[in-house]
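All figures in this text were calculated on a predicted structure; none of them were measured in a lab. Numbering of ligands and ligand atoms starts at 1, following listing order.
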Amino acid sequence: MNLSELKEADEKINSIIVFDDEGLVASSKSKKGELSTLNLAVKANMCVEGLLTPAGSKTLENYIAPYDATVVSKLKSSGATIMGLANMDEFACGASGETSFYGPTQNPAAPGHIPGGSSSGSAAAVAAGFVDAALGSDTGGSIRNPASHCGVVGFKPTYGVVSRYGLIDLAMSLDQIGPIANDVETAAKVLEAVSGHDPKDSTSLKLDPKFYQFHKELKPNLAGRKLGYAKEFNDLISDAGIRKVIEKSIDKLSSAGAEIVDVSLPNLKVALPTYYLNVYVEFYSATRKYDGRRYGHKIEDVCGEEVLRRILLGSYISQKEYSGKYYRKALQARSLIRKELSEALASVDALVGPTVPKLPHKLGSEITDPMVMYAYDVFTVPANLSGLPAGVVPAGFVEGIPTGLQVMGDVLKDQVVLDVMAGFEQL
Ligand code: GLN
């Protein structure tokens with residue numbers, strides 16, 4: 001699909017908000033490379049030199065990125081064609097794709113429903129067949145949640161495997177960039193191209209170069225794998241149809257030779273409040289630079305309701321007199337969740353389970369209670385709180401709406417997670 005075809009086709013979906021109209025990105029990319037046959041979109045919170053990078057917000061409506069994010073320069077050097085920047089919830093705060101200043105994105109796989117978020121445009125562009133793959137960012141599920149709702153593959157790597165340099169932060173200690181694609185093989189290929197140590201990102205890991213060969217090493221294999229399923233998952237899935245799809249997926253994995261092991265995550269329900277307290281504090285601090293002097297508008301003057309809520313709560317919690325009450329407690333709970341997950345993962349190769357507890361709501365249903373929106377994240381935030389790799393593969397449909405199986409591994413077990421995903425994809 002060329003640029004003008006894409007523009008026309010996307011009028012109904014609104015997945016891409018900035019196009020490479022002047023061929024700026026196209027002319028600066030390599031002609032050869034592993035990804036030279038692929039068209040990609042990157043989420044609009046990753047800097048692409050010379051293009052508007054607004055992060056879905058009016059705050060940055062005039063922000064032309066002066067440099068490439070590391071993932072973008074890696075895509076260019078591997079020959080990928082970047083078609084444009086994908087729509088997203090404002091500053092990646094959201095789970096529906098509805099909070100973008102550029103308007104909501106449609107779900108091509110379930111028309112009339114939200115595509116999920118916050119990497120709404122990335123998942124929708126892949127699901128609609130506009131691009132072969134896209135990059136998303138995942139702070140609490142923003143790659144996996146839209147991948148599940150749109151019926152595509154999404155992967156969030158171990159924290160530090162992909163550089164965050166040039167990514168507009170939501171919450172630094174949780175944010176991770178990863179691929180969205182129609183199949184695990186393409187996702188692994190894109191991940192292989194964008195991952196690696198980056199001296200420009202102080203949290204980037206320096207690992208053996210062999211670690212990053214996700215595509216070359218991909219082995220779809222389930223026989224003999226020990227896969228954990230937590231009984232607490234069942235209590236938190238609120239949709240009976242999703243529960244059925246996940247049960248069926250577990251049966252399929254077992255028939256393919258995997259051993260399903262019961263594990264326990266008693267503090268799973270604590271993950272959601274822990275996540276939001278961490279996000280409020282980190283997001284508040286990340287947004288202090290948007291004071292209207294250097295970058296566009298003062299954020300509080302122009303942002304949407306959810307972004308403002310996070311700034312206000314973050315500022316409140318960050319006050320010295322409350323630090324022991326909220327933030328320190330949230331950090332303690334974060335350690336507890338990390339410990340619990342790592343204990344559960346010690347006896348298995350990976351955990352398998354649901355991605356989202358409920359089906360995507362209808363676009364425009366105007367959800368006013370933030371807790372209703374936050375509830376989408378219950379199964380995805382634990383991986384971010386613990387820095388773990390986690391991916392999603394399409395598992396089936398409920399009332400015609402896709403839902404995905406989530407596979408989660410221990411830190412640095414990215415290859416195991418991808419292999420299990422690839423194995424499941426073939427069933
Ligand atoms: N829905 C979560 C939030 O609103 C996750 C967002 C994300 O992963 N960027 O914070």
For [X], the ligand 1 atoms whose distance to one of its heavy atoms is below 4.0 Å:
X      : value
Tyr276 : 1 (N), 2 (C), 3 (C), 4 (O), 10 (O)
Leu170 : 9 (N)
Ala92  : 6 (C), 7 (C), 9 (N)
Gly140 : 5 (C), 7 (C), 8 (O)

For this session: Look at the rings of Tyr290 and Phe91 and say which category their plane angle falls in: under 30° parallel, 30 to 60° tilted, over 60° perpendicular.
Result: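 Aromatic pair Tyr290/Phe91 classed tilted.
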For this session: Kindly say whether the aromatic ring centers of Phe211 and Phe214 come within a distance under 6.0 Å.
Result: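 Yes - the distance between ring centres of Phe211 and Phe214 falls below the 6.0 Å cut-off.
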Problem set entry | Centroid-centroid distance, Tyr322 to Tyr327, less than 6.0 Å |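 Tyr322 vs Tyr327: aromatic centres not under 6.0 Å.
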Does ligand 1 have an atom that lies less than 4.0 angstrom from a heavy atom of [X]?
X      : value
Gln176 : no
Asp377 : yes
Tyr275 : yes
Tyr374 : no

For this session: Would you check if there is a donor-acceptor pair between the side chains of Gln176 and Asp138 at a distance under 3.5 Å?
Result: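 Note: Asp138 and Gln176 side chains miss the donor-acceptor criterion.
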Exercise. Looking at Tyr295, does the NZ or CZ of Lys289 lie under 6.0 angstrom from its six-membered ring centre and within 45 degrees of the ring axis?
Worked result: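 No, Lys289 and Tyr295 do not form such a contact.
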For this session: Considering heavy atoms of the protein only, find what lies nearest to atom 4 (O) of ligand 1 and give residue, atom and distance to 0.1 Å.
Result: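 Answer for atom 4 (O) of ligand 1: Arg310 NH2, 2.7 Å.
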Exercise. To the nearest 0.1 Å, how far is atom 7 (C) of ligand 1 from its closest protein heavy atom, and which atom is that?
Worked result: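 Heavy-atom neighbour on the protein nearest atom 7 (C) of ligand 1: Ser142 OG, 2.3 Å.
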Please tabulate, one pair per line, all N/O donor-acceptor pairs under 3.5 Å involving side-chain atoms of residues 42-52, not counting sequence neighbours.
residue, atom, partner, partner atom, Å
Lys43, NZ, Ser118, OG, 2.7
Lys43, NZ, Ser119, OG, 2.9
Lys43, NZ, Ser137, O, 3.3
Lys43, NZ, Ser137, OG, 2.9
Asn45, ND2, Ser137, OG, 3.0

Exercise. Which heavy atom in Ser318 sits nearest to a heavy atom in Tyr284, and how many Å separate them?
Worked result: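 Closest pair (atom of Ser318, atom of Tyr284, distance): OG-CD2, 3.7 Å.
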Could you list the donor-acceptor pairs under 3.5 angstrom formed between side-chain atoms of residues 388-403 and any protein atom two or more places apart in sequence or on another chain?
none

Problem set entry | Within-cut-off N or O pair, Gly94 and ligand 1, under 3.5 Å |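 Such a contact does occur with ligand 1.
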